[in-house]
Amino acid sequence: MWRRVASLSPLVSSSKPSILNQGLCTFKFWETFTTDIATQEKPFITFVLGGPGSGKGTQCEKIVETFGFKHLSAGDLLRREIASKSEYGSMILNTIREGKIVPSQVTVKLIQREMESSDNKKFLIDGFPRSEENRIAFEKINTKTLSDLSALCSKVKETECYIKEKSRRDLMKILTGAEPNLVLFFDCPEKEMVKRVLSRNQGRVDDNIDTMKKRLKVFEALNRPVINYYSERGKVFKISAVGTVDEIFEQVRPIFASCEAIK
Ligand SMILES: Nc1ncnc2c1ncn2[C@@H]1O[C@H](COP(=O)(O)OP(=O)(O)O)[C@@H](O)[C@H]1O
Ligand SMILES: O=c1ccn([C@@H]2O[C@H](COP(=O)(O)OP(=O)(O)O)[C@@H](O)[C@H]2O)c(=O)[nH]1
Ligand SMILES: [Mg+2]
C-alpha cells in the first residue's frame with residue numbers, strides 16, 4: 001500500500017520517456033523493470049516541517065500512535081549525540097544554543113543510520129531538512145543497499161536492451177535517491193510559537209527568548225525555501241497549527257488515512 005503510493009510519485013512516473021532512450025528499449029522491458037521497482041521495499045518518507053514550537057513533535061507522536069510510523073526527530077538525534085559525548089557533541093551543542101543549523105553531513109548520517117537499522121520503512125522525519133543544503137544532502141542518500149544495487153545492475157545486463165550510460169545513471173538515481181513522498185508543514189503564528197517554546201519545560205538549551213528569536217530568523221531564511229521547494233512540487237500539506245492538539249490532528253489524520261485507504 002505505502003509502496004503503491006511511492007510508486008505514484010511524479011519522479012518515477014514522469015521520468016519514463018527521458019530515461020528510456022526513445023525506441024532503444026522495448027516497452028516490455030520497462031514494464032518488467034518498473035514492476036520490479038514497485039515490488040521492492042522502498043521507504044515511505046514524510047518530512048515534518050514547521051517553525052520552532054509549531055507542534056511537530058507533538059503531532060508526530062499522534063501519527064505514530066495512529067498510523068504506526070517510525071519517528072525520527074533530527075533534533076532528538078542531535079541531542080542524543082551531545083549526551084553520548086561523541087566527537088561532534090560540543091559542536092552540536094554550540095550550534096543548537098545559537099539556533100543555527102548543524103552541518104548536513106552530521107545530521108544526514110544520523111538519520112541514515114536510523115533508517116537503515118529500522119524494520120519499519122514508514123518514516124516521519126521531524127525537523128529536517130532545515131535548509132536547502134540539508135535537503136540536497138539527504139536526496140543524495142542511497143536508500144538501497146549495495147547488494148540491491150548489484151542485483152539491479154545485473155538485471156539491466158541480462159536484458160537485451162541497450163541503455164546509454166547516462167540513461168543508466170539516471171535510472172539508478174531514481175532507484176536510489178531518497179525523496180520524501182509527502183511533506184507536512186505546521187503553519188503557526190510566531191507569537192504562538194514563542195509562547196509554546198518558552199513554556200515547553202524540557203530543559204532544552206535553546207528554549208529561551210534569545211535563541212528563539214534567532215531560530216525564527218533562521219526559519220524564515222533557511223527552512224522556508226525548503227517548504228517552498230516542495231510546495232512547487234505538490235508535496236506539501238499545510239496544516240493550520242493553531243487549536244488544540246486533537247483539533248490539529250484532525251487535519252493530519254485524513255492525509256494518512258487516504259494513503260491507508262489504497263492498501
Ligand atoms: N496545539 C497545541 N496547543 C498548545 N500547546 C501545544 C500544542 N501542540 C504542542 N504544544 C506544546 O508546545 C510545545 C512545543 O511543541 P513541540 O511538539 O515540541 O513543537 P516542535 O517540535 O514543533 O518544536 C510543547 O510544550 C507542546 O506540549
Ligand atoms: O535537521 C536539523 C534539526 C535540528 N537542528 C538543530 O537542533 C535544534 C533543535 O531542533 P528541533 O527539531 O529539536 O527543534 P524544534 O523545532 O522541535 O523546537 C535546531 O534549532 C538546530 O539547531 C539542526 O541543526 N538540524
Ligand atoms: Mg520538536
Side-chain angles (χ1 to χ4, degrees), residues 45 47-65 71-83 88-115 123-139 141 178 180 183-227 239-252:
I45 298 172
F47 285 156
V48 182
L49 303 179
S54 59
K56 301 179 294 296
T58 306
Q59 291 298 320
C60 281
E61 282 176 26
K62 307 260 314 168
I63 299 166
V64 167
E65 254 170 49
H71 178 202
L72 300 180
S73 157
D76 285 350
L77 294 176
L78 291 168
R79 283 184 285 274
R80 204 165 77 188
E81 279 298 287
I82 298 171
Y88 298 122
S90 63
M91 177 275 289
I92 296 172
L93 176 62
N94 291 333
T95 310
I96 290 181
R97 196 180 270 134
E98 283 303 307
K100 294 184 177 158
I101 313 285
V102 171
S104 297
Q105 80 264 23
V106 174
T107 318
V108 167
K109 208 166 95 187
L110 295 174
I111 295 173
Q112 187 174 5
R113 199 164 65 194
E114 294 296 309
M115 290 177 76
F123 297 104
L124 284 179
I125 302 186
D126 164 9
F128 178 94
R130 275 190 140 95
S131 65
E132 281 288 273
E133 200 217 324
N134 273 178
R135 176 183 68 73
I136 291 160
F138 184 83
E139 285 179 358
I141 289 184
V183 178
L184 300 185
F185 166 42
F186 290 97
D187 188 27
C188 194
E190 286 197 358
K191 215 172 140 195
E192 178 67 19
M193 292 196 277
V194 172
K195 194 175 100 192
R196 289 182 191 175
V197 161
L198 296 184
S199 51
R200 180 151 46 187
N201 225 0
Q202 291 175 358
R204 282 175 48 167
V205 293
D206 50 349
D207 282 351
N208 59 75
I209 190 63
D210 288 345
T211 309
M212 184 56 182
K213 280 183 185 162
K214 291 178 188 164
R215 294 190 68 197
L216 290 172
K217 284 192 182 142
V218 166
F219 174 74
E220 287 306 327
L222 301 180
N223 303 182
R224 185 76 75 178
V226 177
I227 296 162
I239 314 284
S240 165
V242 185
T244 66
V245 170
D246 287 342
E247 279 166 357
I248 295 163
F249 187 63
E250 287 316 312
Q251 296 176 65
V252 173

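FYI, side chains are in, hydrogens and waters are out, and symmetry mates aren't considered; it's all heavy atoms of this structure. Only a predicted model underlies this, so the values are computations on that prediction, with no experimental measurement involved. This chain uses plain numbering: 1 for the first residue, then up along the sequence. We count ligands from 1, going down the list as the structure has it; atoms in each ligand are counted the same way.
- Remark: distances from the non-hydrogen atoms of G51 to ligand 1 include one below 4.0 Å.
- Protein heavy atom closest to atom 10 (N) of ligand 1, with residue, atom name and distance, is R196 CD, 4.0 Å.
- When each atom of ligand 2 is checked for a heavy atom of I101 under 4.0 Å away, the hits are 24 (O).
- Of the listed residues (K100, R79, R130), the one carrying the non-hydrogen atom nearest atom 22 (O) of ligand 2 is K100.
- Interface of F128 with ligand 2, defined as ligand atoms under 4.0 Å from a residue heavy atom, comprises 1 (O).
- Under a cut-off of 6.0 angstrom, the local environment of NZ in K100 is sparse, with at most 12 non-hydrogen atoms contributed by other residues, nucleotides or ligands.
- Taking distance alone, with nitrogen or oxygen atoms compared against 3.5 Å, R215 approaches ligand 2 more closely than that limit.
- Nearest protein neighbour of atom 25 (O) of ligand 1, counting heavy atoms only, is R200 CA, 3.6 Å.
- If you number the atoms of ligand 2 from 1 as listed, the ones under 4.0 Å from a heavy atom of T107 come out as 1 (O).
- Within ligand 2, the atoms closer than 4.0 Å to a non-hydrogen atom of A74 are 1 (O), 2 (C), 3 (C), numbered from 1 in the order shown.
- A donor-acceptor distance shorter than 3.5 angstrom exists from the side chain of R196 to the backbone of S54, with no hydrogens or angles considered.
- Of all the heavy atoms of T244, the ones lying under 4.0 Å from any atom of ligand 1 belong exclusively to the backbone.
- Counting only heavy atoms of the protein, atom 16 (P) of ligand 1 lies nearest to T58 OG1, 3.6 Å.
- Residue, atom and distance of the protein heavy atom nearest to atom 25 (N) of ligand 2 are L78 CD1, 3.8 Å.
- The closest approach between any non-hydrogen atom of E98 and ligand 2 is not below 4.0 Å.
- The closest non-hydrogen atom to atom 1 (N) of ligand 1, taken over G243, C60, G57, G55, comes from G243.
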side-chain contact (heavy atoms from CB on, under 4.5 Å) evaluation trace for T95 with M91 = CA-CA 6 Å; T95 310; M91 177 275 289; 3.7 Å; yes
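- Minimum interatomic distance between P129 and L49 (heavy atoms only, all atoms of both residues): O-CD2, 3.6 Å.
- When each atom of ligand 2 is checked for a heavy atom of R200 under 4.0 Å away, the hits are 17 (O), 18 (O).
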message = Could you go through I248 and Q59, starting from their C-alpha distance and side-chain angles, then the distance that decides it, and tell me whether this counts as side-chain contact (heavy atoms from CB on, under 4.5 Å)?
response = CA-CA 8 Å; I248 295 163; Q59 291 298 320; 3.5 Å; yes
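- Within the 4.5 Å cutoff, the side chain of T58 has no heavy atoms near those of the F186 side chain.
- Taking every heavy atom of G127 and a limit of under 4.0 angstrom, the matching atoms of ligand 2 come to 1 (O), 2 (C), 3 (C).
- Between D126 and ligand 1, a contact under 3.5 Å exists for no N or O pair.
- When the heavy atoms of L49, V102, T58 are ranked by distance to atom 24 (O) of ligand 2, first place goes to V102.
- Residue contact annotation: G53 has a non-hydrogen atom under 4.0 Å from ligand 1.
- For ligand 2 and R204, the ligand atoms under 4.0 Å from any heavy atom of the residue are 9 (C), 11 (P), 13 (O), 14 (O), 15 (P), 17 (O), 18 (O).
- The atoms of ligand 2 that sit less than 4.0 Å from any heavy atom of K56 are 15 (P), 16 (O), 17 (O).
- Looking at N223 and I101, their side chains come closer than 4.5 Å, going by heavy atoms from C-beta outward.
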task = Please lay out, stage by stage, how T211 and V205 fare under the test side-chain contact (heavy atoms from CB on, under 4.5 Å).
result = CA-CA 9 Å; T211 309; V205 293; over 6 Å; no
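- For ligand 1, the atoms sitting less than 4.0 Å from at least one non-hydrogen atom of I248 are 1 (N), numbered in the order shown with element in parentheses.
- Between the side chain of K213 and the backbone N or O of N208 there is no donor-acceptor pair closer than 3.5 Å.
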task = Could you go through the side-chain contact (heavy atoms from CB on, under 4.5 Å) check for S240 and D187 one step at a time?
result = CA-CA 5 Å; S240 165; D187 188 27; 5.8 Å; no
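- Distance alone, capped at 3.5 Å, places no donor-acceptor pair between the K56 side chain and the D126 backbone.
- Atom 8 (N) of ligand 1 has its closest protein heavy atom at V245 CG2, 3.8 Å.
- Considering only non-hydrogen protein atoms, atom 7 (O) of ligand 2 sits nearest to I96 CG1, 3.6 Å.
- At a 4.0 Å heavy-atom cut-off, ligand 2 does not touch K214 at all.
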